[in-house]
Asker: 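Take this structure, written in structure tokens, and hold onto it; I'll ask about it next.
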Amino acid sequence: MIIGDLNTTFTLSSETTYLKRSVMRDLLKLAVDPDIISLAGGLPASEYLPVDEFRECMDAVLLRDGSRALQYSPQWMPLREWIATYMQSLGVPCTAEQVFITNGSQQGLALVSRLLLDSGQVAVTEAVVFTGIQQVTAGRGAKVLTIPTDSRTGADMDALEEAFQHYPKPRLAVLVPDFHNPLGVSLTEEKRAQAASLAAEYGVPLIEDDPYSPLRFEGDPLPPIKTFDEGGYVFYLGSFSKMLAPAMRLGWMVAPADLIPRITVLRESIDLESSTLMQRTVCEFLSRGLLEVHLRRMNQVNKERCAALLDALQTHLGDLAVWTVPTGGLFSWVTLHDNLNTWELFEEAVKQKVAYIPGAAFAVHGGFENTMRLNFSNVKPDAIREGVARLAQVVRQSL
Ligand code: PMP
């Protein structure tokens, strides 16, 4: 049997055959070549990850809890309590009982998808979206209705309403409210309120996938969609990956309390539980007040790097491209002239030792060949400038 990259004599499940191989995974391998300036990744700045602080927290947990920190155990209540208080600080009424700890936001996406969606049913996503969201919708055999996203105000609410009117009714919709991956745009407050009330009006569960809101480096925070959730249709997903470190593999879901027992059983069938040691260590980090210090430093670094990227784009590609101007997060989305194809330019870019992700990799139903996602967080400002200069040269040569 040959399915895409699968060449096997085994008969595979339909879920496995629907899943597309992640181009990003292949492209990210390039980031390990030290000579390549990789604007392709989505990683926080490695040199600012809190290694020493984390080591001290883990030591403290092992000294305090001993073998209990190495046992199977239920979700760590002090962490659920910290998260509930954090959600309240964002304006979301939330109790610790509504908080379900996951292994990152991706597991939250996978769980809600498996909770609500069967193969062949309808799901709604933005037309350009993080590949992990595609994996839990199209990748699970859903029929995906897509909605466009405005580069300044976020997902189109008229299109969302139209999608909600579809028969059969969508089983779920996914939106990324802040510093969208890959578009870098945030949904306006007005649209957040609209999204929540549309979900309630049409009875469609809405997943608010929010790994990036703590990464704001400019402007005032916007309330999560969940703050407008009077109907109780919004599932909020948070993550420690970007606000603390991806290797924690910890995130959370705020779900209706009556669904938590079902979600718990579903999750048990996958990996039983998140690491006891990691939950306690992250909780120690948080209760020492280290998150604020870490985020302040990270967001300052991101701000400087984003400014370097935007400045370099203006200098080198000002006449050939337009791009989104993020006020947080990790990405800017660049659109070149219509007749340029960023897949075709990619090989030459790598020869010139610069990498990016061709925007079409994020397009659910194709198109967007003249776009690319650029990451600014894990490259030093001088290298960003050099990378964009090389990129501009590649683009100009192709004209
Ligand atoms: N959602 C979005 C929008 C993302 O960009 C990512 C990671 N890049 C994830 C979810 C998954 O992140 P994690 O599982 O590490 O929390």
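Remember, it's 1-based here, ligands and their atoms both numbered in the order they're listed.
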Asker: Quick one: does D209 get an N or O within less than 3.5 Å of an N or O on ligand 1?
Answerer: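 Yes; at least one N/O pair falls below 3.5 Å.
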
Asker: Mind checking whether Y212 has a heavy atom under 4.0 Å from ligand 1?
Answerer: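 Heavy atoms of Y212 do come under 4.0 Å of ligand 1.
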
Asker: Verify whether one side chain among T125 and T137 offers a donor that lies under 3.5 Å from an acceptor in the other.
Answerer: no

Asker: Quick one: does Q107 get a heavy atom under 4.0 Å from ligand 1?
Answerer: no

Asker: With a distance cut-off below 6.0 Å to the six-membered ring centre and an angular limit of 45° from the axis, does R373 pair with W333 as a cation-pi contact?
Answerer: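 Judged by the rule (NZ or CZ under 6.0 Å from the ring centre, within 45° of its axis), R373 is not positioned above W333.
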
Asker: Would you say P211 contacts ligand 1, with heavy atoms under 4.0 Å as the rule?
Answerer: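 A heavy atom of P211 does come that close to ligand 1.
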
Asker: Around atom 11 (C) of ligand 1, find the nearest protein heavy atom and jot down its residue, atom name and distance.
Answerer: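 Going by distance alone, atom 11 (C) of ligand 1 is nearest to Q106 N, 3.8 Å.
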
Asker: Counting heavy atoms not belonging to R114, are there more than 12 under 6.0 Å from its CZ?
Answerer: no

Asker: For the side chain of T16 and the backbone of L12, is there at least one donor-acceptor N/O pair under 3.5 Å apart?
Answerer: no

Asker: Can you tell me if H180 has a non-hydrogen atom under 4.0 Å from ligand 1?
Answerer: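 Contact check H180 vs ligand 1: negative.
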
Asker: Could you list the atoms of ligand 1 found under 4.0 angstrom from a heavy atom of N181?
Answerer: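 Going through ligand 1 atom by atom, the ones under 4.0 Å from N181 are 4 (C), 5 (O), 8 (N).
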
Asker: Residue-level breakdown please: for S105 versus ligand 1, do any non-hydrogen atoms fall below 4.0 Å on the side chain, on the backbone, on both, or on neither?
Answerer: both

Asker: Please check if atom CD in E162 has more than 12 non-hydrogen atoms from other residues, nucleotides or ligands closer than 6.0 Å.
Answerer: no

Asker: Which atoms from ligand 1 have a heavy atom of G104 less than 4.0 Å away?
Answerer: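 Selected atoms, number and element: 14 (O), 16 (O).
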
Asker: Evaluate the side-chain proximity of K242 to P214: yes if any heavy-atom separation is below 4.5 Å, no if none is.
Answerer: no

Asker: Can T17 and S14 be counted as having a side-chain donor-acceptor contact under 3.5 angstrom?
Answerer: no

Asker: Which ligand 1 atoms are under 4.0 Å away from a heavy-atom of S239?
Answerer: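 The list of qualifying atoms is 13 (P), 16 (O).
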
